[in-house]
Student: 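The following block contains the structure, expressed as structure tokens.
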2 protein chains.
Amino acid sequence: MSPSITLERITALLRQKGYKLTRQRRAVLQVIVTSHDHMTPSKIHEKVQKIDPSVGLVTVYRTLEILTGAGLICRVHTDRTSRSYLLRRPHGHHHHLICSDCGRVVDFTDCNLHRLEKRLAAETGFRTEDHILEFFGCCSLCQETAATKEEDRA
Amino acid sequence: MSPSITLERITALLRQKGYKLTRQRRAVLQVIVTSHDHMTPSKIHEKVQKIDPSVGLVTVYRTLEILTGAGLICRVHTDRTSRSYLLRRPHGHHHHLICSDCGRVVDFTDCNLHRLEKRLAAETGFRTEDHILEFFGCCSLCQETAATKEEDRA
DNA sequence: ATCCGAATTGAAAAGGATTTTCAGTTAGAT
DNA sequence: ATCTAACTGAAAATCCTTTTCAATTCGGAT
């Protein structure tokens, strides 16, 4: 099993890449590392301000850019107007199960689309190089919650 | 084989839904129906203006909203800042092969993700309701073009 | 511990995409 | 031909994101 992503490992990597570990960046990191929900820059800013109210939204944007560049966070694909980010917990290629109720994201690594890609290449001549895949639905917790409410009403 | 999407079928459907068929909407429709590339509102506007220079960008946005609501066009998921739209040619559930070189989109209908969804439900308890899947790569035409250029250089 | 330079910061401004407002125009039913 | 609700373009407003710039700060060298 590969070691889990911790604040220490991330800060070490950033330092190694020559980035300064400012107060502001630490706050952004803390928010991202402790969350399993995908969050917009604005939402991250809101949470960061509870740790350190002086941090500006612009700095959040800049930190997200660095973290994306370093491969430490992923952009989640949704239909929303604003972007959403998430700590990259799996090391390699992976996708997300996104709960539409609570925003929680579950990662999975084995998408197994090679067979489909091969079939499509044969049918259309298209050579695929990359793909976006995200699942939306209801996480186990929210299903339980819904079931409980259902019982209460009965 | 189901009948192909034509301007006539689309205008009939819109009229049936109570929408007026204005000069401007006809121009937007003509641009969308004759294109196999995904296009941003701004790109569509640019093409519409070659048909009718008086049509405003706002009207393009409004028309796209109507067409999306009527299920006649799809939003294509890319990492770009601006949205992209495409005529919905297949009737039901489908996905896109998007050429990163020329923008051309090839549709396919059989994504076959049910097995994956079932496996993920068993592993994580997540009940999936919907998904985004888009492939990016190089279409057969652009592959040929690239091959030709390669020969020329040799 | 202090100093220094380059990196980083916040605030304001700019930029770009999309939506809203509003007064004037038009499609299409009568 | 008339009428009215739907539609339009232009301008303004709204969001989200990026750029600019003067002031601050991290962290290596001293």
Side-chain angles (χ1 to χ4, degrees), chain A residues 7-8 10-31 38-70 72-73 75-85, chain B residues 7-8 10-31 38-70 72-73 75-85:
Chain A
L7 203 53
E8 292 74 43
I10 291 173
T11 53
L13 187 83
L14 288 180
R15 186 163 291 175
Q16 182 189 319
K17 294 212 173 201
Y19 292 113
K20 290 187 179 174
L21 281 177
T22 62
R23 192 166 46 81
Q24 294 88 339
R25 288 181 182 166
R26 286 177 196 279
V28 173
L29 282 172
Q30 184 179 327
V31 165
H38 61 103
M39 294 179 288
T40 61
S42 167
K43 177 75 179 176
I44 292 169
H45 181 230
E46 188 186 296
K47 290 196 165 196
V48 163
Q49 291 218 309
K50 287 180 187 161
I51 300 172
D52 182 341
S54 74
V55 179
L57 178 57
V58 192
T59 295
V60 172
Y61 271 99
R62 284 189 283 227
T63 305
L64 291 173
E65 196 182 345
I66 288 174
L67 295 175
T68 305
L72 290 167
I73 58 175
R75 260 186 74 180
V76 174
H77 299 90
T78 70
D79 281 333
R80 309 276 161 192
T81 58
S82 184
R83 311 167 183 174
S84 250
Y85 294 89
Chain B
L7 204 53
E8 293 73 43
I10 291 172
T11 52
L13 187 83
L14 287 179
R15 187 163 292 174
Q16 183 191 316
K17 293 213 174 201
Y19 293 112
K20 290 187 178 174
L21 281 177
T22 62
R23 190 166 47 79
Q24 294 88 338
R25 287 180 182 168
R26 286 177 195 279
V28 173
L29 282 172
Q30 185 180 326
V31 165
H38 62 102
M39 293 179 290
T40 62
S42 168
K43 177 76 178 176
I44 293 169
H45 181 230
E46 188 186 296
K47 290 197 166 197
V48 163
Q49 291 219 309
K50 287 180 185 160
I51 301 171
D52 183 341
S54 74
V55 179
L57 178 57
V58 191
T59 295
V60 172
Y61 272 99
R62 284 189 282 228
T63 305
L64 291 173
E65 195 182 345
I66 288 173
L67 294 175
T68 305
L72 290 166
I73 58 176
R75 260 186 75 179
V76 174
H77 300 88
T78 71
D79 281 332
R80 308 277 162 193
T81 58
S82 183
R83 309 168 183 174
S84 251
Y85 294 90

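The sequence lines fix the lettering, A, B, ..., with proteins before strands; numbering per chain opens at 1. Predicted, not measured: the structure shown is a model, and the values here were computed from it.
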Student: Rounded to whole angstroms, how far apart are CG on A/Leu57 and P on D/dT19?
Tutor: 15 Å

Student: Do A/Thr78 and A/His38 come within less than 4.5 Å of each other through their side chains, counting heavy atoms only?
Tutor: yes

Student: Should A/Tyr61 be listed as having a side-chain N or O under 4.0 Å from OP1 or OP2 of D/dT18?
Tutor: no

Student: Let's see if you can work this out: which of D/dC21, D/dC26, D/dT8 has an atom nearest to the side-chain heavy atoms of A/Lys20?
Tutor: D/dC26

Student: Measure from the side chain of B/Arg62, starting at C-beta and using heavy atoms only, and say which of D/dC16, D/dA10, C/dT9 lies closest.
Tutor: D/dA10

Student: NA contact type, A/Arg83, heavy-atom cut-off 4.0 Å: base, sugar-phosphate, or nothing?
Tutor: sugar-phosphate

Student: In this structure, how many angstroms lie between the P atom of D/dA5 and the CG atom of B/Leu21, rounded?
Tutor: 20 Å

Student: Over all heavy atoms of both residues, which pair between B/Leu7 and B/Gln30 is shortest? Give the atoms and the distance, please.
Tutor: CD1-N, 4.1 Å

Student: Counting side-chain heavy atoms from C-beta on, which of D/dT20, D/dC7, C/dG5 comes nearest to B/Arg25?
Tutor: D/dC7

Student: When we call it a touch if two heavy atoms are under 4.0 Å apart, what does B/Ser42 touch: a base, just sugar-phosphate, or nothing?
Tutor: nothing

Student: Round to a whole Å and report the spacing from CD of A/Glu65 to P of C/dT8.
Tutor: 12 Å

Student: For B/Arg15 and D/dC7, what is the distance between atoms CZ and C1' respectively, to the nearest whole Å?
Tutor: 15 Å

Student: What is the distance, to the nearest angstrom, from the NZ atom on A/Lys17 to the P atom on C/dA7?
Tutor: 17 Å

Student: Quickly work out the A/Leu14 CG to D/dC26 P distance and round it to whole Å.
Tutor: 15 Å

Student: Report yes if a side-chain nitrogen or oxygen of B/Ser54 is closer than 4.0 Å to either non-bridging phosphate oxygen (OP1 or OP2) of D/dT8; otherwise report no.
Tutor: no

Student: Which comes earlier along DNA chain C counting from the 5' end, the contact point of B/Pro41 or that of B/Thr22, where each point is its nearest nucleotide?
Tutor: B/Pro41

Student: Of the nucleotides C/dA17, D/dT8, C/dA27, which has the atom closest to the B/Thr81 side chain?
Tutor: C/dA17

Student: B/Arg23 near the nucleic acid: base, sugar-phosphate alone, or nothing, with a heavy-atom cut-off under 4.0 Å?
Tutor: nothing

Student: Indicate the atoms forming the closest heavy-atom contact of A/Leu14 with A/Ala70, along with that distance.
Tutor: CD2-CB, 4.4 Å

Student: For A/Ser54 and A/Arg23, which I'm curious about, is there any donor-acceptor pair between the side chains at under 3.5 Å?
Tutor: yes

Student: Would you classify A/Thr40 as touching base, sugar-phosphate or nothing, given that sugar-phosphate means primed atoms plus P, OP1 and OP2, and contacts are heavy atoms under 4.0 Å?
Tutor: nothing

Student: Check the distance between D/dA5's C1' and B/Tyr19's OH and give it to me in whole angstrom.
Tutor: 14 Å

Student: Rounded off to whole Å, could you give me the NE2-to-C1' distance for the A/His45 and C/dT9 pair?
Tutor: 12 Å

Student: Work out which heavy atom in B/Gln24 is nearest to a heavy atom in B/Val55; give both atom names and the distance.
Tutor: CG-CG2, 3.7 Å

